[in-house]
Amino acid sequence: MDCIFCKIIAGEIPSNKIYEDELVYAFHDIDPKAPVHFLVIPKEHIRSVLEINGTNSAVVAHIYEVIAKLVKELDVKDGYRVVTNVGEDGGQTVDHMHFHVLAKRNLAWPPG
Ligand code: AMP
Ligand code: ZN
């Protein structure tokens with residue numbers, strides 16, 4: 001499958017890995033939009049949160065558990081944002097579900 005994030009998980013494309021377990025992989029974004037900007041992705045190829053259902057939703061809970069752990073380790077627990085872009089109109093450019101975690105700058109609301 002021609003998926004850049006599946007290739008990162010497989011080690012075929014290098015990444016700046018932060019964390020990995022049997023279900024998920026976390027790595028720094030190659031084009032950071034904040035001083036701290038990392039991505040958490042499921043190892044299973046799920047296209048976006050639009051594909052979440054009763055069979056695969058447990059991985060989303062696990063991703064949020066991993067984020068809670070990583071923001072403590074990276075010392076940004078006092079303020080961060082989790083973003084998942086969905087579909088073309090939602091700004092999604094990689095069709096493998098991912099959760100952006102952004103921190104260490106003032107994050108405007110509403111987002112653009
Ligand atoms: P999105 O636009 O929400 O689909 O987010 C995709 C994100 O993946 C963007 O923030 C990109 O900078 C990031 N990205 C694309 N290729 C890589 C890569 N090889 N390593 C790390 N991050 C990447
Ligand atoms: Zn994939």
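In listed order, ligands and their atoms are each counted from 1.
Listed by atom number, the atoms of ligand 1 under 4.0 Å from T93 heavy atoms are 1 (P), 2 (O), 4 (O), 5 (O), 6 (C). Every atom of ligand 1 with a heavy atom of V94 under 4.0 Å away is listed here by number and element: 4 (O), 6 (C). Near I4, the atoms of ligand 1 lying under 4.0 angstrom from a non-hydrogen atom of the residue are 16 (N), 19 (N). Of all atoms in ligand 1, listed by their number and element, those nearer than 4.0 Å to a heavy atom of G91 are 1 (P), 2 (O), 3 (O). Of all the atoms in ligand 1, the ones that sit under 4.0 Å from a non-hydrogen atom of H100 are 1 (P), 3 (O), 5 (O), 7 (C), 10 (O). Close contacts of ligand 1 with D31, meaning ligand atoms under 4.0 Å from a residue heavy atom, involve 12 (O).
Taking the side chain as every heavy atom from C-beta outward, E44 and L23 never approach each other to under 4.5 Å. Under the 4.5 Å side-chain criterion, counting only non-hydrogen atoms from C-beta, V101 is not in contact with V36. With contacts defined as side-chain heavy-atom distances shorter than 4.5 Å, the pair H100/H37 qualifies. For the pair M97 and L50, the minimum side-chain heavy-atom distance is 4.5 Å or more.
Note: no N/O pair closer than 3.5 Å links L39 and ligand 1 by distance alone. For ligand 1, the polar-atom distance check finds no N/O of H28 at less than 3.5 Å from any of the ligand's N/O atoms. Between Q92 and ligand 1, no N or O atom pair is found at a separation short of 3.5 Å. Between H98 and ligand 1, an N or O atom pair is found at a separation short of 3.5 Å. Looking at I8 next to ligand 1, no N or O pair under 3.5 Å apart turns up. At least one N or O atom of N85 sits closer than 3.5 Å to an N or O atom of ligand 1.
Of the options L102, L74, N16, D29, a side-chain contact (heavy atoms from CB on, under 4.5 Å) to F38 is made by L74 and by none of the others.
Side chain to side chain, D21 and H62 meet the donor-acceptor criterion of an N or O pair below 3.5 Å.
Scanning all heavy atoms of the two residues, the minimum distance from K104 to D75 falls at CE-O, 4.4 Å.
Minimum-distance N/O/S atom of H45 relative to the Zn ion (ligand 2): ND1.
At the Zn ion (ligand 2), the vertex angle linking SG of C6 with ND1 of H96 is 110° (nearest 10 degrees).
With distances taken over non-hydrogen atoms, the option nearest atom 9 (C) of ligand 1 out of V86, D29, V83 is D29.
Placement of V86 and I46 within a single hydrophobic cluster is found when ILVMFWY residues are connected by side-chain heavy-atom separations under 4.5 Å, directly or transitively.
The 12-atom threshold is not exceeded at CG of N106, counting heavy atoms of other residues, nucleotides or ligands nearer than 6.0 Å.
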Practice task
Take D2 and K7 through the test salt bridge (charged side-chain N to carboxylate O under 4.0 Å, His left out) and record every step on the way to the result.
Solution key: CA-CA 8 Å; D2 196 25; K7 287 179 178 166; 2.9 Å; yes

Problem - salt bridge (charged side-chain N to carboxylate O under 4.0 Å, His left out) between K69 and E65, intermediate numbers included - result: CA-CA 6 Å; K69 169 183 147 64; E65 281 181 47; over 6 Å; no

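Regarding atom 23 (C) of ligand 1, its nearest protein heavy-atom neighbour is I30 CG2, 3.4 Å.
Contact annotation: for F5 versus ligand 1, heavy atoms closer than 4.0 Å belong to the side chain alone.
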